[in-house]
Amino acid sequence: MPADGAGLPDADPVDKEAEYERFVWANLRRNYIGNYLHGMLGMTGSRLINAPTFLPAYLHLVSGSNAIVGLGLALQQLGGIISPMFAGTKIEHRPKVMPAAVLMGSMGRLAVLGMALSGWLLSGQALVIALLRFIFMFGVFMGAQRVVFSLLMSVVFSLLMSEVIPLSRRGRLQAERNATGGLIAAVLAYVAGKYLIGQNLLGNGYSTTFLCAFILTSAGLWALQLLLREPVTPTLRSQSRFVDRLREFPALVAEDPGFGWFLMVQMLATAARIATPFYILHVGEQMRVDGATLGLLSLAYLGADTISNLLWGYLGDRTGFRLVLLLSIGCWVAATELLMSTGSMALIFIAFFGLGAAQAGYMMGAQTIILEFGDRDDLPMRIAASATAESTTATLGPLLGGWVADWFGYDIVFGASLGFVAASKTQAVGRPEIGPNRVHFA
């Protein structure tokens, strides 16, 4: 038997499956700790980038344009359209995917470092262009990384996660690591807003914040690389050309109608993110937004991860993640309506908390449901299809949102967001085959 993993080259397929299962359970504690540390540290850093506070506020500060803010988020999502499909075709035939995970993760982290350095070294239009380029680069490599393991914001359940953590433990793992990471991110976000940005530490508080994000995400990747023991998958697809696998996408969706409707729910929900980069800018119209306010609202948004993830994870393990998806979408609607209708700081804090809880539940539900469809051999391409569907609508939304915000105001943008969220929930409620809950837990 190979020293580093499961899989008997000349063994019967049944023996290979049995050896694979034994390897997974024998290394469960080590892999659990590795994934826990990676999620806790990695997502802490990426949350600072993906939170709807720091980066939108910084882009608006240096450009003075809603359109540029929308363009920045659109470029991030554009980077994630093609890269997941490309990554899927490059790893689905490989017995181990950790080397690709490290490469993609490292390049994404370098993009965050580039954002930090740009703030210190550049100004004016050159700074805006550099930030947009690094945001696009971040989207490209985070989109590819999504297929091989979970990370950001906003947080992803990936191929690597599905190999080394059994389904019966995934909700619990996500809940615990997201709660811990959310707590650290929430505290760090408050400190970053009040002290790093508020006092313009090191000459540029935003750059200092992005540097902290780079250090944390890198530490998470190092922990995963050192601790994780990856099994050799018992069955693998033969290597295919990228174009050939693209042609197979319609069949991949058609063979499982539930998966097709799930993609529709994802695309509608993602289209609702048209308003995400403008939450903090809308608040800026109601009151003065300084570093302390940025920190406080970031604390609300990211602190919601800490509390809500415990609920979402354990609820999903017991009832299935379709219910998590439905409840999180309902929370999204309520929080958006509250933000639109209030000018009170206390209620705005509650609205940001609700938005953070909704996003945490939606991401956990969507990323776990995707693992329940189809055969294991097609999992990389199902994840790629899901990521590409999300990124396509997420690219168009902010571009349109920036233009609409400039011409018609934020209320119209938020109204459109509510419409997409409502349509997503209608589809999810009306399609019980979404979230098949093929595995039930006591």
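Heavy atoms only: backbone and side chains are in, while hydrogens, waters and symmetry mates are out. Counting from 1, the numbers follow the sequence of the chain as shown.
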>> Taking the side chain as everything from C-beta on, heavy atoms only, tell me whether R273 gets closer than 4.5 Å to Q359.
In response: yes
>> Once ring pair (Phe, Tyr, Trp, His ring centres under 6.0 Å) is applied, what residue pairs with a partner in residues 283-305 remain, sequence neighbours excluded?
In response: none
>> On a heavy-atom basis, which atom in A223 and which in L37 lie closest, and how many Å separate them?
In response: CB-CB, 3.9 Å
> Do you know the tightest heavy-atom contact between G354 and A335?
Replying inline: C-CB, 3.7 Å
> So which heavy atom on A304 is nearest to which on A357, and how close?
Replying inline: CB-N, 3.3 Å
> Residues in side chain to side chain contact (heavy atoms under 4.5 Å, CB included) with L127, at least two apart?
Replying inline: Y58, V62, S118, L122, L131
> Which pair of non-hydrogen atoms, one from L196 and one from C212, has the smallest distance, and what is that distance?
Replying inline: CD1-SG, 4.2 Å
>> Within the supplied structure, the quantity of interest is the number of heavy atoms (other residues, nucleotides, ligands) at a distance under 6.0 Å from Y195 OH; does it exceed 12?
In response: no
Listing, residues 409-420 side-chain donor-acceptor contacts under 3.5 Å, not counting sequence neighbours, or none:
unit_1	atom_1	unit_2	atom_2	d
Y410	OH	N66	OD1	2.8
Y410	OH	N66	ND2	3.4
S417	OG	A272	O	2.6

>> Between V404 and F278, is there a side-chain heavy-atom distance shorter than 4.5 Å?
In response: no
>> Applying side-chain contact (heavy atoms from CB on, under 4.5 Å) to W312 and L327, what does each step give before you reach the verdict?
In response: CA-CA 9 Å; W312 299 133; L327 291 176; 3.8 Å; yes
> Should L294 and F54 count as side-chain neighbours, where that means a heavy-atom distance under 4.5 Å?
Replying inline: yes
> Stepwise, does the side-chain contact (heavy atoms from CB on, under 4.5 Å) test hold for L396 with I274?
Replying inline: CA-CA 8 Å; L396 299 175; I274 184 175; over 6 Å; no
> Are any non-hydrogen side-chain atoms of F214 and I49 less than 4.5 angstrom apart?
Replying inline: no
> Of all heavy-atom pairs between S106 and L221, which one has the smallest distance, and what is that distance?
Replying inline: OG-CD2, 3.6 Å
> Are any non-hydrogen side-chain atoms of N200 and Y206 less than 4.5 angstrom apart?
Replying inline: no
> Checking T342 side chain against L338 main chain: does a donor-acceptor pair fall under 3.5 Å?
Replying inline: no
>> Listing request: all salt bridge (charged side-chain N to carboxylate O under 4.0 Å, His left out) pairs with a residue in residues 285-302, at least two apart in sequence or in separate chains.
In response: R288-D290
> How about M264: does its CE atom have over 12 heavy atoms from other parts shown lying under 6.0 Å from it?
Replying inline: no
> Does the side-chain contact (heavy atoms from CB on, under 4.5 Å) test come out yes or no for L55 and I135, once each step is laid out?
Replying inline: CA-CA 10 Å; L55 193 54; I135 289 170; 3.9 Å; yes
> What is the distance from atom CE of M137 to atom CD of Q76, rounded to the nearest 0.5 Å?
Replying inline: 13.0 Å
>> F138 vs M115, test: side-chain contact (heavy atoms from CB on, under 4.5 Å). Steps then yes/no.
In response: CA-CA 10 Å; F138 181 73; M115 294 180 208; 4.0 Å; yes
> Could you give the distance from CG (L400) to OG1 (T393), rounded to the nearest 0.5 Å?
Replying inline: 12.5 Å
> Rounded to the nearest 0.5 Å, how far apart are CG of L268 and CG of L263?
Replying inline: 11.0 Å
> Which residues satisfy the side chain to side chain contact (heavy atoms under 4.5 Å, CB included) test with M345, sequence neighbours excluded?
Replying inline: M287, T293, L296, L297
> Do the side-chain N and O atoms of S298 and T53 include a donor-acceptor pair separated by under 3.5 angstrom?
Replying inline: yes
>> How close do V69 and P56 get, counting heavy atoms only, and between which atoms?
In response: CG2-O, 3.8 Å
>> For the CG atom of L59 and the CD1 atom of I68, what is their distance to the nearest 0.5 Å?
In response: 8.0 Å
>> Could you check whether any side-chain heavy atom of L132 comes within less than 4.5 Å of a side-chain heavy atom of V128, counting everything from C-beta outward?
In response: yes
> Is there a donor-acceptor contact under 3.5 Å from the side chain of R47 to the main chain of A185?
Replying inline: no
> In Å, rounded to the nearest 0.5 Å, how long is the span from CG of L325 to CD of Q266?
Replying inline: 8.5 Å
> Going from CG on N204 to CG on L121, what distance comes out if it is rounded to the nearest 0.5 angstrom?
Replying inline: 10.0 Å
> Which residues satisfy the side-chain hydrogen bond (donor to acceptor under 3.5 Å, both in side chains) test with Y362, sequence neighbours excluded?
Replying inline: E390
>> Does any part of the side chain of L339, heavy atoms only, come nearer than 4.5 Å to the side chain of F352, both counted from C-beta?
In response: yes
> How about F353 and I307: do any of their side-chain heavy atoms sit closer than 4.5 Å?
Replying inline: yes
